[in-house]
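Numbering starts at 1 and runs along the sequence shown.
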Amino acid sequence: MPLMKSYILLILATFSFFEVRAQETLDYTTEIIPVLDKHCYSCHNTGNPKGGVNLKRYEEEGRIVKDGQFWLKVVDQIQSKEMPPSNKPSLNEEDYHVLLDGINGILIKSLEKRTPGKVIIRRLSHTEYHYTVLDLTGVNFDAVNRFPADGSGGGGFDNQGGSLFFTPLKMERYYDASEEIVSRIFEDPEKWQELVPEDYHQNLWERFINWLMPKFSDNFKPLNPPEKAAEEVLFPFASKAYRRLLKTEEKEKFIDLFSTVYHSRPEDPDPQKFNRSIAEVFKAVLISPSFLYKMEEEPLGPDPIALGDFELATRLSFFLWSSMPDDELFNLAMEGKLQAPGEIENQVKRMLDDPKSERFSESFVSQWLGINKLKDANAPLADLVRFPEFTPSIREAMFKETTSFFHYVMTESKNFLDLINSDYSFLNEELATYYGIDGVEGNDFKKVMLTNNSRGGFLGLGSVQAVTSLPTRTSPVLRGKWVLEEILGTSPPPPPPDVAELSEDESLHEELGLKALLERHRDDPACQSCHEKMDPLGLGLENFGADGKWRDSYGSTPIDPTGVLISGETFAGPAELKNLLMKEKDKFARNLSKKSLSFAIGRGTTFTDETAIRELSASLLENEFNPDKFITALVQSYPFRMKIKDFQKKVNEID
């Protein structure tokens, strides 16, 4: 514990140093550009943008601010002394601080006025539509497989507003879905009674009076009118569907539609006529933009303002449950109590304890790790001819292992570091037998303590090993890149366009092994700088085949899982590699913060989110990666709780 506290203090001191040094304002044109010209422009210029990076185009300070995310990477490269590269003159102490402090100063200054991000108006993803319909009506409608596929947005998640396009085909499918959903409710007496608890009819006396009195009085108000009974059904249903209180004009339109349908069927008796009319309004609700879109009122002024209670309830529920607010959230919002002191913490705890939080676990972790390919029969995973035991059932089991493991970490172990390294996983008998693990019985997934530390954590999951391989063999390059991007949050530059492919000659693979082949490949100077970062990470996992099984050799050639990281640290095999990754807590905290924030707010993170990302990273480090405290900090973060008008216009003001 003292060691952990010391580590946290060191990290916080680094942040403090960063901000203090940033106060030393340096002039970009006269002080920073000359150092960039001296050390950087020879490689990163307009005519020769090495690695696709052209620094010379940033002629003004405003351009640095606009591409702040990119310049954070530049600062990281300078701070770690990876740039300039080893074959170029290194920075002297003065030039090092001019670049580091000068660029930091520009970036920090630009973040002084916080911006929460654009107002979110985005369509329900197919997963969100599925769960919202389920919670609203009780109908289990398979939207993912019935609707045209959506892409992933900037954060790699399917709930990102930038990828949730609306097309004529989708509108047609929504109409069809509303017909099917309402028909299934109507045909199920139990489901219908939950939404329409009372059978409507007028007794003989009411019908007689309602027939007679209009003949004598123009001001007569009917007894027990169907419209009044319809209000008691339609208004609560539509309000839940719209995730807010209804406007007066919306109520009037619902009743007008009900009345039109009701009085167009004079031959039908009640309650059949009443129920049919209610059903038509239900359909209208399910194809309304207020149902299909998560809408927030745009602020009147230019400054950021806090979300309203209903807007906050909606963000919370779609973040943690992929669905609309439940009655408790809705009532708190209606009473204006959701943002009372301590209430958000209470709701986060309640929502994570609810079984519906499993939806978050599955949706978030499967997209983060890229294991949705396991559910795609056409995905290029381990070839069944070469790996006959890699069956659809095993693929499904690997997916379930991953989501169950993540959910347990989030709700039970309460330590996100288990995602890197753990001594347990979640297995059923079929998957345990596949992995060669004894003592697991039954079809249900259960926590299994691992005696071999090679498995455990994300890197020991068969799902991850399968989706980071090629159909016929493993790929240390893909796996190394995956570890860099999905665990550490860093990305290598794209390969040169003329880079040679690794030989696919099977005899060479069996004779030399992938490690020796990659060493040959790395002899090319154009490939070396990237591969020396990626290859050791991937080679350390070579004992896991493309099918996720453990192996000790390529044919007759033993696997050598030893490696040397760019830091100079050595390891042998996945267990030792995971121990080294556990030292990268700050990088993992930042990556987890970026991924989670992006998923929570439904857009890719931008440079304007940098302050929030650092605060969330600090929360993880300070609280020993506790999920409850982290998620509470996230839903109280500036981008999650605030909104601003015309954000995109402001961002685009700098050309």
message: What I want to find out is whether K643 reaches E298 closely enough, with some N-O distance under 4.0 Å, to be called a salt bridge.
response: no

For the residue pair R455 and Y435, would you count it as a cation-pi contact if the rule is NZ or CZ under 6.0 angstrom from the ring centre and within 45 degrees of the ring axis?
yes

Which of K594, R603, R590, R114 passes salt bridge (charged side-chain N to carboxylate O under 4.0 Å, His left out) with D609? It is R603

#### Entry: Under 3.5 Å side-chain donor-acceptor pair for S393 and E430
yes

- Does a salt bridge link R315 with E296, judged by any charged N lying under 4.0 Å from a carboxylate O? yes

Review point. Do we see a donor-acceptor contact under 3.5 Å between the side chains of E343 and Q347?
Key: yes

Q) What is the ring orientation for F426 with Y424, classed by angle as parallel under 30°, tilted 30 to 60°, or perpendicular over 60°? A) perpendicular

Between the CD1 atom in I344 and the CE atom in M351, the distance rounded to the nearest 0.5 Å is 9.0 Å

- Message: Within a 6.0 Å radius of atom NZ on K400, are there more than 12 heavy atoms belonging to other residues, nucleotides or ligands?
- Response: no

Q.
Could you check whether K170 makes a cation-pi contact with F147, meaning its NZ or CZ is under 6.0 Å from the centre of the six-membered ring and within 45° of the ring axis?
A. no

ask   = Can the positive tip of K375 be found less than 6.0 Å from the middle of the six-membered ring of F399, inside 45° of the ring normal?
value = yes

Partner of D326 under salt bridge (charged side-chain N to carboxylate O under 4.0 Å, His left out), picked from K240, R243, R350, is R350

The reported gap from NZ in K247 to OG in S239 (rounded to nearest 0.5 angstrom) is 12.5 Å

Would you call the rings of F406 and F364 parallel, tilted or perpendicular if under 30° counts as parallel and over 60° as perpendicular? tilted

query: Can you check side chain to side chain contact (heavy atoms under 4.5 Å, CB included) on F588 and L620, steps first, answer last?
result: CA-CA 10 Å; F588 180 62; L620 283 168; over 6 Å; no

*Could you walk me through whether F237 and V285 pass the side chain to side chain contact (heavy atoms under 4.5 Å, CB included) test, one step at a time?*
CA-CA 9 Å; F237 177 85; V285 170; 3.8 Å; yes

**Asked** Ring centres of F445 and Y408 under 6.0 Å apart?
**Response** no

Would you say NZ of K337 has more than 12 non-hydrogen atoms from neighbouring residues, nucleotides or ligands within 6.0 angstrom?
no

Check: Are the ring centres of Y174 and F291 closer than 6.0 Å?
Finding: no

Taken in chain and number order and not counting sequence neighbours, the residues that satisfy salt bridge (charged side-chain N to carboxylate O under 4.0 Å, His left out) with E358 are none

Between the OG1 atom in T608 and the CD atom in Q69, the distance rounded to the nearest 0.5 Å is 8.5 Å

Q.
Which label fits W550 and F544: parallel for a plane angle under 30°, tilted from 30 to 60°, or perpendicular past 60°?
A. perpendicular

